[in-house]
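Take a look at the structure below.
Bear in mind the structure is a predicted one, so any value in this text is a computation, not a measurement.
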Amino acid sequence: MKSAIEQAVTRAIETMHENIGELLTIDDMAQAAMYSKFHFSREFQRMTGVSPRRFLSAIRLETAKRLLIETTFTVTEISHRVGYNSVGTFSSRFTSSVGASPTMFRQLRGFTPRIEVDLHGRGRGTELSTFRGEIRASVAGDLGRVFVGLFPTRIPEGRPAACCVLPRPGAFLLDRVPSGTWYLLAHSVPVSFDEVLTGDGEVSVGSVGPIEVRPDVPLLPMELRLRPIRALDPPVLLALLDVRSTAFNELSQVAEAPRADSA
């Protein structure tokens with residue numbers, strides 16, 4: 001049975017979805033849950049890994065992804081529907097989070113053949129680390145290729161610090177990892193999936209962190225367990241890797257590419 005605060009956080013997330021285009025403040029959500037703003041915000045972050053404001057922003061972009069695939073609304077119309085007053089601001093935030101502009105995302109039908117790696121902090125002479133571990137599935141299923149990456153927050157968005165692609169859950173290696181505090185995030189879609197994915201309902205996710213990476217401290221192997229995405233999980237904002245027609249060898253070569261400036 002869910003605790004009272006978990007029920008309140010779940011209701012707050014439902015309210016975000018139901019009022020995606022409206023002005024919704026943390027005060028509104030806290031008052032509706034009958035908690036103080038401070039207590040509500042603290043518990044919300046504890047349960048989801050991000051603040052209510054960041055979660056709402058992620059839901060807005062997740063909704064925009066769905067509308068771009070499922071409707072013929074213009075980018076301007078979609079930006080207003082998900083609560084942005086400026087289409088320029090919307091397009092900029094969408095591109096930086098998803099990895100493709102709204103127009104390109106629509107053309108690609110929600111998928112991308114490659115994910116760029118953030119090369120910040122990789123200057124000449126910088127010491128980089130290697131990170132190993134294993135991805136496991138919490139339940140038996142038909143999980144296919146798994147994207148694994150290190151991100152600065154619990155939301156899989158923007159360019160990861162390092163990433164790789166696995167043919168299925170199993171051992172992974174992240175090479176050339178820069179120093180910093182990272183979250184290990186992974187997601188996968190079913191092997192049987194062969195249609196356009198219009199939401200995150202089919203996605204399995206997992207997360208571990210925060211993880212402190214320093215060149216003078218050996219990194220122990222990490223285990224991450226995948227499970228079906230839940231309401232309390234932040235949305236996967238990155239455009240999903242195309243698992244339908246792109247050969248795994250091509251994806252593997254791209255995902256190893258800190259050496260080639262991309263992943």
Side-chain angles (χ1 to χ4, degrees), residues 26 41-42 44-62 64-65 89-101 105 112 114-123 126-133 135 146-166 172-188 200 203 205-226 229 232-241 254-259 261-263:
I26 298 175
S41 297
R42 183 184 61 190
F44 190 103
Q45 179 139 359
R46 181 180 66 82
M47 292 183 184
T48 66
V50 296
S51 69
R53 192 182 305 278
R54 288 290 296 114
F55 204 103
L56 175 58
S57 176
I59 285 179
R60 284 175 168 161
L61 293 178
E62 176 193 36
K65 288 171 63 179
T89 299
F90 164 73
S91 295
S92 176
R93 290 183 181 173
F94 187 98
T95 301
S96 64
S97 292
V98 177
S101 70
F105 183 82
T112 180
R114 62 187 296 155
I115 293 177
E116 301 290 335
V117 166
D118 186 359
L119 298 178
H120 180 72
R122 296 173 184 262
T126 301
E127 293 189 64
L128 302 172
S129 303
T130 298
F131 189 21
R132 301 173 184 270
I135 305 297
V146 181
F147 172 83
V148 186
L150 289 172
F151 294 84
T153 74
R154 271 270 286 114
I155 298 178
E157 64 176 340
R159 296 186 175 190
C163 68
C164 67
V165 181
L166 307 178
F172 71 87
L173 183 150
L174 296 177
D175 198 9
R176 297 174 57 79
V177 177
S179 298
T181 301
W182 309 109
Y183 289 83
L184 179 68
L185 307 180
H187 62 260
S188 177
D200 286 337
V203 178
V205 298
S207 67
V208 176
I211 303 164
E212 187 72 25
V213 176
R214 295 192 337 221
D216 58 328
V217 179
L219 286 170
L220 297 176
M222 188 75 64
E223 180 180 301
L224 184 151
R225 195 165 291 272
L226 289 171
I229 195 166
L232 295 178
D233 292 313
V236 176
L237 294 185
L238 277 178
L240 298 179
L241 282 167
V254 171
E256 287 190 7
R259 306 180 187 92
D261 292 353
S262 65

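Checking side-chain atoms of Arg154 against main-chain N and O of Thr48 turns up a donor-acceptor pair under 3.5 Å. Listed for the Thr95 side chain is a donor-acceptor partner under 3.5 Å among the backbone atoms of Ser91. Formation of a donor-acceptor pair under 3.5 Å by the Lys65 side chain with backbone atoms of Phe105 is not found in this model.
Considering all non-hydrogen atoms of both residues, Leu226 and Ser188 come closest at CD1-CB, 4.2 Å. Among all heavy-atom pairs drawn from Val177 and Ala162, the shortest one is CG2-CB, 4.0 Å. Contact detail for Ile155 and Leu185: the closest heavy-atom pair is C-CD1, 3.9 Å. A pairwise comparison of heavy atoms in Phe55 and Leu232 identifies CE1-O, 3.8 Å as the closest pair. In this structure, Leu61 and Ser97 approach most closely via the heavy-atom pair CD1-OG, 3.6 Å. Leu174 and Val148 get closest at one heavy-atom pair: CD2-O, 4.1 Å.
In this structure, OG in Ser179 is found 8.0 Å from CD in Glu212, a value given to the nearest 0.5 Å. Separation of atoms CG (Leu184) and CD1 (Ile211) is listed at 5.0 Å; rounding is to 0.5 Å. The line from NE2 of His187 to OG of Ser207 is 13.0 Å long, rounded to the nearest 0.5 Å. Atom CZ of Arg159 is separated from atom CG of Leu238 by 11.5 Å, given to the nearest 0.5 angstrom. Summarising the geometry, atom CZ belonging to Phe172 is positioned 8.0 Å from atom CG belonging to Leu166; distances are rounded to the nearest 0.5 Å.
The closest side-chain heavy-atom distance from Leu173 to Cys164 is not below 4.5 Å. Two residues are said to be in side-chain contact when any heavy atoms from C-beta on lie closer than 4.5 Å; Trp182 and Phe131 fail this criterion. Annotation: side chain of Phe147 is in contact with side chain of Pro160 (closest heavy-atom distance under 4.5 Å).
Atom CZ of Arg214 sits in a sparse spot, with 12 or fewer heavy atoms from other residues, nucleotides or ligands closer than 6.0 Å.
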Legend entry - Test side chain to side chain contact (heavy atoms under 4.5 Å, CB included) applied to Arg132 and Leu219, step by step: CA-CA 8 Å; Arg132 301 173 184 270; Leu219 286 170; over 6 Å; no
